[in-house]
Amino acid sequence: MDAPTEKFVAIEADDDDTTSSSTRGCGLANLTWVGVDKEELRQRLMMPEYIRLAMRDCIKRKDTTAIPDHLLLPGGAVADMAPHAPMVVFINPKSGGRHGPVLKERLQQLMSEEQVFDLTEVKPNEFVRYGLACLEKVAGEGDECAKECRARLRIMVAGGDGTVGWVLGCLGELNKDGTLPIPPVGVIPLGTGNDLSRSFGWGGSFPFAWRIAVKRTLHRASMGPVARLDSWKILVSMPSGEVVNPPYSLYPSGGNELDQGLDAGVDAPPVAKSYEGVFYNYLSIGMDAQVAYGFHHLRNTKPYLAQGPISNKLIYSGFSCTQGWFCTPFATDPGLRGLRNILKIHIKKVNCSEWEEITVPKNVRSVVALNLESYGSGSHPWGNLKPDYLEKRGFVEAHCDDGLIEIFAFKHGWHASFVMTELISAKHIAQAAAVRFELRGSGWKDAFLQMDGEPWKQPMSTDYSTFVEIKKVPFQSLMINGV
């Protein structure tokens with residue numbers, strides 16, 4: 001079904017805002033636009049200067065206990081001074097073919113310098129801990145404008161799925177403290193896959209006519225409806241002697257918090273080291289993660305090769321062939337054999353407290369736990385399943401806010417290619433409310449995993465198992481719907 005068409009009354013627009021067909025179908029939704037006035041947009045988004053400067057000062061000092069008086073208005077400000085949709089933007093300069101610097105400059109022109117954050121300079125947790133806390137402190141002292149800015153605040157993330165997940169995870173910490181409301185998040189798609197962006201109507205790519213598109217995107221983000229998204233906590237528990245370099249979205253955990261309802265027995269290491277994090281799109285184990293790991297390593301060591309989504313996908317395809325996803329027989333290397341040799345899967349079904357072991361299909365080389373309908377740049381590997389098949393397998397129709405995660409597998413690169421072009425569905429394994437993967441060496445030195453596009457190499461032990469446990473986070477994330 002085509003996306004609904006919206007029109008905005010034409011007003012005096014700046015000279016870069018001529019309607020262009022190159023912005024349609026390029027990734028920022030199928031909308032017809034007449035014009036968005038630059039100054040009116042600034043008024044809708046830009047917070048008063050004293051609030052912007054106070055927040056910037058607190059983030060810079062990493063302290064909210066004492067806000068300098070000269071940064072505040074005497075007696076506070078009235079609510080009418082608050083913009084309609086105060087907004088901040090986070091940019092990942094490594095995404096989108098390195099468009100970050102020019103995009104940052106453009107956003108600062110449309111909003112203000114203090115409301116645009118480069119993630120290499122200000123981390124989202126720093127914004128939450130100091131910037132947002134500053135806004136709440138000013139509001140708590142009777143400033144009605146600050147109070148309205150906090151209540152209306154919206155966040156845009158210019159980056160890929162991993163960057164969006166990073167920001168969502170930091171905002172999710174507000175739920176633990178009861179600090180409400182949680183600002184909803186929209187996306188400017190700068191990654192390679194952009195499945196979170198696709199799932200909420202922001203499209204799958206960065207448009208060529210980006211100067212026009214960015215302005216229109218911010219306008220849509222200021223008024224788009226809010227939708228809900230499940231998030232999933234992951235706990236990785238491994239023997240303490242193993243050395244791993246996890247992605248930034250995984251951080252050391254204080255202790256081994258594996259579900260005690262499923263006894264790990266003698267396979268559990270006597271002393272464990274744990275990492276935890278949150279994902280929103282998918283977790284995968286196997287050959288697809290190995291290919292992603294090789295691609296990310298190349299992009300970080302030779303960034304001049306990563307000039308945009310097209311070149312990224314060409315390089316990605318090359319890694320798929322050279323690392324055996326398509327061409328190498330299973331038997332040439334233990335690391336290229338089916339995951340059944342090293343993997344066990346246990347699940348909890350909805351409204352069930354008991355764990356159940358699920359058989360890993362033969363000869364599958366990649367297993368994916370998927371939250372969204374979109375995967376791998378807009379494909380739908382779970383498929384649109386017929387009611388009789390759903391009933392036969394005990395499944396329900398999949399949605400990103402239903403409290404369930406879909407588990408499926410790929411046999412090899414050719415199988416994955418047919419699934420991605422939606423000629424066939426993936427190998428369905430289970431639909432679950434909680435999952436535990438158990439990995440054990442058996443001739444493998446390393447396994448490869450990836451979470452929302454961020455891969456890592458996981459060392460394998462022949463003596464003890466590594467456990468990857470997935471459970472739903474009690475609170476849902478809020479997303480701005482771009483359509």
Side-chain angles (χ1 to χ4, degrees), residues 8 28-29 33 36-56 58-59 77 79-92 100 103-119 121-124 126-128 130-136 138-139 145-159 163-164 166-168 170-171 174 180-190 196-197 200-202 210-227 477-483:
F8 296 91
L28 292 178
W33 298 82
V36 178
D37 181 70
K38 182 177 179 179
E39 289 306 314
E40 180 178 309
L41 182 63
R42 285 173 62 89
Q43 293 175 12
R44 290 176 66 87
L45 305 180
M46 190 169 64
M47 290 181 277
E49 183 181 32
Y50 77 96
I51 291 180
R52 304 196 313 266
L53 294 178
M55 292 175 66
R56 184 182 67 176
C58 288
I59 293 171
D80 289 345
M81 291 179 61
H84 173 79
M87 187 177 295
V88 299
V89 180
F90 292 101
I91 299 179
N92 183 354
L103 179 58
K104 176 181 176 180
E105 181 180 353
R106 173 61 170 164
L107 288 166
Q108 289 174 339
Q109 294 171 357
L110 295 174
M111 299 166 62
S112 72
E113 180 181 347
E114 297 84 10
Q115 288 173 234
V116 181
F117 297 98
D118 185 326
L119 285 168
E121 300 171 358
V122 177
K123 306 296 187 289
E126 295 173 342
F127 169 79
V128 171
Y130 304 110
L132 206 57
C134 170
L135 187 58
E136 291 168 352
V138 176
C145 178
K147 183 178 180 180
E148 287 300 314
C149 285
R150 174 65 182 90
R152 302 174 189 175
L153 185 66
R154 294 188 166 208
I155 294 175
M156 290 295 286
V157 181
T163 305
V164 179
W166 186 18
V167 174
L168 288 174
C170 293
L171 292 173
L174 295 171
L180 303 175
I182 307 297
V185 174
V187 187
I188 298 174
L190 299 186
L196 263 171
S197 177
F200 291 95
W202 296 106
W210 62 271
R211 289 180 61 85
I212 302 169
V214 168
K215 185 167 62 172
R216 294 169 176 173
T217 296
L218 294 178
H219 192 276
R220 287 165 50 208
S222 71
M223 47 196 264
V226 176
S477 297
L478 301 180
M479 299 293 296
I480 305 171
N481 202 320
V483 175

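Values in this document were obtained by computation on a predicted structure and should not be read as measured data.
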So how far is it from [X] [atom1] to [Y] [atom2], rounded to the nearest 0.5 Å?
{"X": "M87", "Y": "L41", "atom1": "CE", "atom2": "CG", "answer": "8.0 Å"}
{"X": "D37", "Y": "Q43", "atom1": "CG", "atom2": "CD", "answer": "8.0 Å"}
{"X": "M156", "Y": "I188", "atom1": "CE", "atom2": "CD1", "answer": "4.5 Å"}
{"X": "M46", "Y": "L110", "atom1": "CE", "atom2": "CG", "answer": "11.0 Å"}
{"X": "L153", "Y": "L171", "atom1": "CG", "atom2": "CG", "answer": "9.0 Å"}
{"X": "I182", "Y": "L174", "atom1": "CD1", "atom2": "CG", "answer": "4.0 Å"}

Side chain of [X], backbone of [Y]: donor and acceptor closer than 3.5 Å?
{"X": "E136", "Y": "R150", "answer": "no"}
{"X": "R42", "Y": "Q109", "answer": "yes"}
{"X": "R154", "Y": "G224", "answer": "yes"}
{"X": "W166", "Y": "K123", "answer": "no"}

**Request:** Go through the steps to decide whether V138 and M55 satisfy the test side chain to side chain contact (heavy atoms under 4.5 Å, CB included), and finish with yes or no.
**Result:** CA-CA 10 Å; V138 176; M55 292 175 66; over 6 Å; no

Residues two or more places apart in sequence or in another chain: which of them pass side-chain hydrogen bond (donor to acceptor under 3.5 Å, both in side chains) with [X]?
{"X": "R56", "result": "none"}
{"X": "E126", "result": "none"}
{"X": "S477", "result": "none"}

[X]: what forms a side-chain contact (heavy atoms from CB on, under 4.5 Å) with it, not counting sequence neighbours?
{"X": "A54", "answer": "I67, L71, L72, C134"}
{"X": "E113", "answer": "Q108"}
{"X": "A133", "answer": "T64"}

Write down the atom of [X], the atom of [Y], and the distance for their closest heavy-atom approach.
{"X": "K104", "Y": "E121", "answer": "NZ-OE1, 3.7 Å"}
{"X": "S222", "Y": "L45", "answer": "CB-CD2, 3.8 Å"}
{"X": "S197", "Y": "V187", "answer": "CB-CG1, 3.8 Å"}
{"X": "E148", "Y": "A82", "answer": "CB-CB, 3.6 Å"}
{"X": "C145", "Y": "I51", "answer": "SG-CD1, 4.0 Å"}
{"X": "P124", "Y": "L119", "answer": "CD-CD2, 3.4 Å"}

Mind checking salt bridge (Lys or Arg N to Asp or Glu O under 4.0 Å) for [X] and listing every partner two or more places apart, or none if nothing turns up?
{"X": "R52", "answer": "E114"}
{"X": "E49", "answer": "none"}
{"X": "R44", "answer": "none"}

**Request:** Carefully, step by step, assess I155 and V88 under the rule side chain to side chain contact (heavy atoms under 4.5 Å, CB included).
**Result:** CA-CA 5 Å; I155 294 175; V88 299; 3.6 Å; yes

**Item:** Test item: V185 and F200 side chains (from C-beta on) under 4.5 Å apart, heavy atoms
**Value:** no

**Message:** Going by ring-ring contact (aromatic ring centres under 6.0 Å, His included), name the residues that satisfy it together with F117, two or more places apart in sequence or in a different chain.
**Reply:** F90, F127

**Asked** Going through the distances and angles, do N92 and L190 end up as a side chain to side chain contact (heavy atoms under 4.5 Å, CB included)?
**Response** CA-CA 8 Å; N92 183 354; L190 299 186; 6.0 Å; no

